Number of protein chains: 2
Amino acid sequence: MNIIEINKVLSNETRLNILKWLKDPEAHFPPHNDINHFNDGVCVQYIGDKAGLSQSTISQYLTMMQKAGLIIPTRHGKWTYYKRNEKLIKQYIQFLDKSL
Amino acid sequence: MNIIEINKVLSNETRLNILKWLKDPEAHFPPHNDINHFNDGVCVQYIGDKAGLSQSTISQYLTMMQKAGLIIPTRHGKWTYYKRNEKLIKQYIQFLDKSL
DNA sequence: TTGACAATTCGATTATTGTCGATATAATAA
DNA sequence: TTATTATATCGACAATAATCGAATTGTCAA
């Protein structure tokens, strides 16, 4: 867990929002009819639509969030679904609580 | 409390270190003989020496840390002492714990 | 009131980030 | 196999951050 890297990711409003939206996908995104209802998170398009930034920017944001360990991708056919990595997020906060 | 601003401040290794060093000044800095023993924190010079960056860079870092609310300055004569704002730091972690 | 010293601010330069459109890759459907 | 759609990656450019040395300001002591 790289604290600096995580803090960098979380020092951007859009990325912070994405992490929050993914806490409750039903509340923030249209339903995924085909795949088993948000079990693996939300696809890139929906996140992009919600954020209002270009597809490539969102893809890059998601990639860097994933590299920092905050989210987990799952591929279903041509879609990539992203969900929160709750374990890492908890560790991160605990680490801050101890070390900061 | 501006989370983005705080995260930005804490996404730099030196600034993160400064905050940690100030947790235990005795362990990280030479004693301040004149002023009442670290009660108001540590002066800019000592922090700069420890960090190994230029005086102006450190001053700017401390200013931005202070603007984010993480540290509190106290002027004694020609020295400015900086100490941690424990209250804000605690609030910050609690906020992350709830909102993240 | 002048010197000396601590800290801050200013101006400049290089490095990193934000963001886009265009292109490439992967996967399905026709 | 080819067209279509979803993501990812690339290349570019503008905006912001890192960092320095120089100039300025604030405070005390001579």
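Chain letters run A, B, ... following the sequence lines, proteins first, then strands; residues in each count from 1. Fair warning: this is a prediction, and the values are worked out from it, not measured in the lab.
- Between B:W21 and B:H28, the ring-plane angle classifies as tilted under the 30° and 60° cut-offs.
- No hydrogens or angles were tested; on distance alone, nothing pairs the side chain of A:Q60 with the base of D:dA8 as donor and acceptor under 3.5 Å.
- Rounding to whole angstrom units, CD1 of residue B:I4 and C1' of D:dA17 are separated by 16 Å.
- The side chain of B:R15 has D:dA18 as its nearest neighbour among D:dA18, C:dG18, C:dG21.
- Heavy-atom distances to DNA chain C give each of A:T14 and A:K78 a nearest nucleotide, and the one nearer the 5′ end belongs to A:T14.
- Following rounding to the nearest Å, B:R75 (CZ) and D:dC28 (C1') show an atom-to-atom distance of 11 Å.
- A:T80 has no side-chain polar atom (N or O) that falls below the 4.0 Å cut-off from OP1 or OP2 of D:dA6.
- With D:dT19, D:dA8, C:dA7 as the candidates, the nucleotide lying closest to the side chain of B:C43 is C:dA7.
- The OH atom of A:Y61 sits 16 Å away from the C1' atom of D:dA8 (whole-angstrom rounding).
- Distance CH2 (B:W79) to C1' (D:dT27): 9 Å, rounded to an integer number of Å.
- Here B:L62 lies out of heavy-atom contact (under 4.0 Å) with every strand.
- Of the side-chain N and O atoms in B:N12, one or more sit less than 4.0 angstrom from OP1 or OP2 of D:dA18.
- A donor-acceptor contact under 3.5 Å links the side chain of A:S56 to the base of C:dG21.
- With a 6.0 Å radius and a threshold of 12 heavy atoms from other residues, nucleotides or ligands, B:Q91 has its CD atom above the threshold.
- For B:N85 (side chain) and B:G69 (main-chain N/O), a donor-acceptor pair under 3.5 Å exists by modelled atom type.
- Looking at heavy-atom distances under 4.0 Å, B:Y46 makes no contact with the nucleic acid at all.
- Residues B:S59 and B:S56 have side chains that never bring a donor and an acceptor to within less than 3.5 angstrom of each other.
- Atoms NE2 (B:H76) and C1' (D:dA29) sit 19 Å apart, rounded to a whole Å.
- Nearest to the side-chain atoms of B:L53 among the listed nucleotides D:dC20, D:dA18, D:dT7 stands D:dC20.
- Where A:G77 and A:M64 meet DNA chain C, the nucleotide closest to each residue was compared, and A:M64 sits on the side nearer the 5' end.
- Of all nucleotides listed (C:dA27, D:dT19, C:dG18), D:dT19 comes nearest to the side chain of B:T57.
- Using a 4.0 Å cut-off, some side-chain N or O of A:Y82 falls inside it from OP1 or OP2 of D:dA8.
- Atom OH of A:Y81 is separated from atom P of D:dA8 by 13 Å (rounded to the nearest Å).
- Looking at B:Y92 and B:N7, their side chains do bring a donor and an acceptor atom within 3.5 Å of each other.
- For the pair B:N17 CG and D:dA18 P, the computed distance is 14 Å after rounding to whole Å.
- Across all strands, A:S59 comes closer than 4.0 Å to base atoms (heavy-atom distances).
- For A:Q45, whose side chain is taken as the heavy atoms from C-beta onward, the closest listed nucleotide among D:dT19, C:dA7, D:dA6 is D:dA6.
- A donor-acceptor pair is defined here as one N or O able to donate and one able to accept, closer than 3.5 Å; no such pair exists between the side chain of B:R15 and the backbone of B:N17.
- As a whole-Å value, the separation of A:K8 NZ from C:dT16 C1' is 8 Å.
- Ranking D:dG26, D:dA8, D:dT5 by closeness to the A:Q55 side chain, first place goes to D:dA8.
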